[in-house]
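In the text below, chain A, chain B and the rest are named by the order of the sequence lines, each starting its count at 1.
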2 protein chains.
Amino acid sequence: MNLARALPILDWGRRYDRQTLVSDLVAALIVTIMLVPQSLAYALLAGLPAEVGLYASMAPLLAYALFGTSRTLAVGPVAVISLMTAAAAGSIAGQGTEAYREAALALALLSGLMLLAMGLLRLGFLANLLSHPVISGFITASGLLIALSQLRHILGVPGGGDTVPQMLAALWPHLPSTNPATLAVGLGSILFLAWARRKLKPTLVRLGLGAQPADLLSRTGPALAVVAATAAVPLFALESRGVATVGPIPAGFPPIGLPPVDVALWGKLLVPAFLIALVGFVESVSVAQTLAARRRQRIVPNQELIGLGAANIAAAATGGFPVTGGFARSVVNFDAGAQTPAAGAFTAVGILVAALFLAPALAMLPVATLAATIIVAVLSIIDLKAPARIWRYSRRDFAAMAATIAVTLFAGVEPGIIAGVVASLGLHLWQSATPHAAVVGRVPGTEHFRNVLRHEVITFPHLLTIRVDETLSYLNARWLEEFVLEQVAERPALKHVVLMCSAVNDIDASALESLEAINHRLGEAGILLHLSEVKGPVMDRLKHSHLLQELSGRVFLSQHDAFSTLAADPDGMAAPAPDPWGPRGLI
Amino acid sequence: MNLARALPILDWGRRYDRQTLVSDLVAALIVTIMLVPQSLAYALLAGLPAEVGLYASMAPLLAYALFGTSRTLAVGPVAVISLMTAAAAGSIAGQGTEAYREAALALALLSGLMLLAMGLLRLGFLANLLSHPVISGFITASGLLIALSQLRHILGVPGGGDTVPQMLAALWPHLPSTNPATLAVGLGSILFLAWARRKLKPTLVRLGLGAQPADLLSRTGPALAVVAATAAVPLFALESRGVATVGPIPAGFPPIGLPPVDVALWGKLLVPAFLIALVGFVESVSVAQTLAARRRQRIVPNQELIGLGAANIAAAATGGFPVTGGFARSVVNFDAGAQTPAAGAFTAVGILVAALFLAPALAMLPVATLAATIIVAVLSIIDLKAPARIWRYSRRDFAAMAATIAVTLFAGVEPGIIAGVVASLGLHLWQSATPHAAVVGRVPGTEHFRNVLRHEVITFPHLLTIRVDETLSYLNARWLEEFVLEQVAERPALKHVVLMCSAVNDIDASALESLEAINHRLGEAGILLHLSEVKGPVMDRLKHSHLLQELSGRVFLSQHDAFSTLAADPDGMAAPAPDPWGPRGLI
């Protein structure tokens, strides 16, 4: 049972049959056709030789098939992780150097080990640190950075940089020397890919194809573009006109062997590797959950960490670079009918076949076409409407998102993701420190109590009920003291203050001291402090303090009870009644 | 009006009369007698020449008298801040060097500027980052470090170090060469001071003195010890027996002039200066608030920042070191009848007189006696019962406190305070990420809903009510999805799920997406999702989302309403009713 949880293959492998095999083989074939150009393109984006993209699409798929819990997730190089790899490796050495390649391998190894450790230690909740708006903002900003980084390949000019200003500054002086032939290939590829993405499926349907085959065939757009562009290079002598090509891709098996231990290098890559692990995990899990829900399957986040960890370690051991579950390819895998992770393993074999036999034929592939596939792919992940939607819903979430986008665009991917996490945490703490509280009264004819500012409610001059809408902690303990004493100062006839605790989910030691101080100060002014609607767990905890003994007033089970009792006691003479919670509160 | 707020002296200065003057002068005299030995002792603790302690007790008092809001706070060198100064300056240069002294001045200047900036920017809430248990643990651990650091002066041996292991390692090899005469003076001083602290007042009362004068006179214990020990040195030729003395203290005015701008030095001291500012502020404000409450006065925390900032800048400009409001001296000032900050100004004059005329006489003062005054003073701030009390109340607060104590003792004051802040924040976030939630039912014969595990309540198999006891945020959005779907999976007959939101104080964008996902998945399973007891501000926000339109069930104003309505609908056919909040929710 436990073994089956650690190795999901033992579960689905036992029930594997001919029907499943056929489904998985068909899905694998279609994903392979889609993945070959994507692998080459994302290697280019990561600043690595084209064959590295193929290597990263073999062993990692096998490793995930063994350990992952999603039936349909397709792992491999993805755009955002490739960009993060380029930024991190670029901080170590220049693109094209051996040190750069080693940095990419080290990133895969480190992030793989981190994912594995997080999975074994059940630390999947760390992914919570990336809120939806931060992830959404980061993906959008990364998409813009990626599209911009590929522009130079479309124009056939030099370029570089990790941020928008750097990229523009590097590109600007070379704009006049744009290569017309490269631009033609690049723009042509973009137009074809954009057309294929939106119109190929309806066209195929009009030609009589069924909806699903048409849908799957339409995903081969990038492969068609690659074939056509590669054929065009010798046909129109494009190389002599300055069109850059991928060049010879070495055919064969990936190099096997873990990268050397290099403590100095690893130290520098710890933070980027952690961010790659975190972003990769969050992206992959959200894709896997979406697809699993459609077929009423379940994925296990902590086991996913192990699966992705194994995939990245496998990438490091076979000359690859960081990988994760990709959205587009997983959807294709799902739609093509993949039933088990075996489809991923078959895809790996398909990529190996491509690496062995197809690679040499791709030497003439124009770089501009690969850049076009990247640009068209990432433009679909840019969600420019999200900021406005988040703005309408929550200014705080918008602030975190805006910080993420701005810092990513103007300072790079690592500062961007860190800014998002820090902004989210800071704003969350700020909210805890400045809670909402309301003076409430009774809605006539009911037992409900509502904000006096929003509803027509019954109140008394000798009785003040304050509902605190926040867990009481050290972050707002001082605020609480000030708020209560301020409200009290405005009401000279006051005899009773009730703190309605229905929204108080915890009272920590600092807040307890503040409550004791409030009780003491109100007592000196001849005002009794009461509590109402204290929750069970909070009451249990208060029983371990002196507050209940020292409280000048009473603890009421319900606010209605408190209000009725105290409304009838305008002189503040109510003697403390026995604790209404009895021993039950301790259960 | 605004000027009076920035310069509180304009307020109390206008009403200053002869009676107040007499009160303030008496208080100043008593505080001066108490402060002279304390100033010398804390300079010793900070690793600075004795006269620096006197300098730090003049100008800072004048500056605070101008800008501070507490009528009775007495500022000057205090134990914990002196220890933090020694740790920070010791990381720059060795004690006794010019660089060490400059570092102490720079610390005063930087922490003064930071306090001032925090005051002007209204950043007093930053002090909230230090929770009560963390401060309490830090003070206790610092007290132990301070007592241990003074042991070498009692034994008359070399020593040093910033942590318990370092101090013990430095002390251990020299124990056999303990100086008997020094030990006699040190132990004698400790015994006398301990006696004076506990028995001098009752003795004086027995001798016929009134309770209050006896109390105030008993505070002069350290001064008596200093006088007696200084007299004993020539009397018993203690110097020839190896008893170390303070040595010549230069008489005269403090040196005036701001320390030089040294960017490299300031960069290294930024963090310690910030921690000194934060700890000093928290300590000082808590003393000031305690005393102000006794006389029903108010202090203004943000103005206190300005007052303490001015005091520290004044210390830096007059050859001193970091200062803050001290507990013991402020209590004495209060008890001696100080009415206004003028008492502090008079104390400054008193210390100046002492520096001019008394200092030369103190050359023979044994260092062991000063160490004894420090040890006896700090042993009273060590609260060894607090950890047990906090443990009983809250394991989480205890964990933060224990981390603070352990790291302070074994890694030093700066890591200790940082560990406390990080542990508190981490545990706070951990709590947000793993909230309490309860399945609730109706208490028979009432409109109250309670946890099914704690109370005998009414439930139905087709109706599940979940009360979430936490604000919904990105930290617990995933948890919410898993919790709800798990509960639903256990109940095959389920038709209605009600999320009771009385304790949900906010729903951020990430949690909103999770609610939408829950609504969607329940909908697919033919289960309606309802909300009840949604608070006004939360409802306002939800109106800016699509959740309310897409919600399969209804939003009920009260849980009672939801329960009664849905209990009567076992087939889950309830048609959505009009939004019960109407336009009022938007007010």
Side-chain angles (χ1 to χ4, degrees), chain A residues 125 127-134 293 301 390 392-394 396-397 424-425 428-429 431-436 438 446-448 450-451 453-455 469-471 473-479 502-506 508-510 512-513 517 521 535-537 541 544-545 557-558 560 584-585 587, chain B residues 125 127-134 293 301 390 392-394 396-397 424-425 428-429 431-436 438 446-448 450-451 453-455 469-471 473-479 502-506 508-510 512-513 517 521 535-537 541 544-545 557-558 560 584-585 587:
Chain A
F125 67 88
N128 288 351
L129 290 175
L130 296 177
S131 70
H132 289 221
V134 165
I390 300 282
R392 276 195 303 276
Y393 182 69
S394 159
R396 201 152 55 87
D397 278 308
S424 306
L425 286 181
H428 184 78
L429 294 172
Q431 150 128 344
S432 302
T434 56
H436 179 263
T446 72
E447 295 187 6
H448 308 143
R450 297 283 166 191
N451 193 338
L453 301 177
R454 286 170 175 262
H455 298 262
D469 291 348
E470 185 72 54
T471 289
S473 75
Y474 71 104
L475 293 170
N476 54 35
R478 271 165 234 257
W479 165 89
S502 49
V504 174
N505 301 310
D506 188 35
D508 77 0
S510 305
L512 176 72
E513 285 194 38
R521 297 214 194 149
K535 297 191 170 171
R541 172 160 291 178
H544 292 102
S545 77
L557 189 62
S558 77
H560 176 63
R584 177 175 279 161
I587 294 166
Chain B
F125 67 87
N128 288 350
L129 290 177
L130 297 177
S131 69
H132 290 222
V134 165
I390 301 280
R392 276 194 302 277
Y393 183 70
S394 158
R396 200 152 56 86
D397 277 307
S424 307
L425 286 180
H428 184 78
L429 295 173
Q431 151 128 345
S432 303
T434 56
H436 179 261
T446 72
E447 296 188 4
H448 308 143
R450 297 283 166 190
N451 192 339
L453 301 177
R454 288 171 174 260
H455 298 262
D469 290 349
E470 184 71 55
T471 288
S473 75
Y474 71 105
L475 294 171
N476 54 34
R478 269 167 237 255
W479 165 89
S502 49
V504 174
N505 301 309
D506 189 36
D508 77 359
S510 305
L512 177 72
E513 285 193 37
R521 296 214 196 148
K535 297 192 169 169
R541 173 161 290 178
H544 292 103
S545 77
L557 189 61
S558 76
H560 176 64
R584 177 175 281 161
I587 292 166

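- Minimum heavy-atom separation, B:S545 to A:Y393: CB-CD1, 3.8 Å.
- With a threshold of 4.5 angstrom between heavy atoms, A:L429 approaches chain B through side-chain atoms but not through N, CA, C or O.
- Under the side-chain contact (heavy atoms from CB on, under 4.5 Å) criterion, A:A517 pairs with A:E481, not counting sequence neighbours.
- Proximity of a side-chain donor or acceptor of B:S510 to a complementary backbone N or O of A:H132 within less than 3.5 Å is detected.
- Contacts of B:D469 with chain A are made by both backbone and side-chain atoms, with heavy-atom separations under 4.5 Å.
- Looking only at distances, no side-chain donor or acceptor of A:S131 sits under 3.5 Å from a matching main-chain atom of B:Y474.
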Criterion side chain to side chain contact (heavy atoms under 4.5 Å, CB included) on A:R450 and B:L557, from CA distance to verdict: CA-CA 11 Å; A:R450 297 283 166 191; B:L557 189 61; 3.8 Å; yes

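- Distance check, rounded to the nearest 0.5 Å: CG of A:L475 to CG of B:L129 gives 7.0 Å.
- From A:L425, atom CG reaches atom NE2 of B:H428 across 10.5 Å, with rounding to the nearest 0.5 Å.
- Using a 4.5 Å cut-off between heavy atoms, B:D508 touches chain A through backbone and side chain atoms alike.
- Annotation: side-chain contact (heavy atoms from CB on, under 4.5 Å) contacts of A:F125 (sequence neighbours excluded): A:L123, A:N128, B:W430.
- The contact between A:S473 and chain B is made entirely by side chain atoms (from C-beta outward), counting heavy-atom distances below 4.5 Å.
- B:S424 touches chain A through backbone and side chain together, each having a heavy atom under 4.5 Å away.
- Put simply, of B:R396, B:H436, B:E513, B:H448, the one with the most heavy-atom pairs under 4.5 Å next to chain A is B:E513.
- Contact annotation for B:I390: only side-chain heavy atoms (C-beta onward) come within less than 4.5 Å of a heavy atom of chain A.
- With a threshold of 4.5 angstrom between heavy atoms, B:R541 approaches chain A through its backbone and through its side chain.
- Most heavy-atom pairs under 4.5 Å with chain A, from the set B:L512, B:N451, B:T471: that is B:L512.
- A pairwise comparison of heavy atoms in B:S502 and A:A503 identifies O-CB, 3.6 Å as the closest pair.
- With rounding to the nearest 0.5 Å, the separation of OG1 in A:T446 from CD in B:E447 is 8.0 Å.
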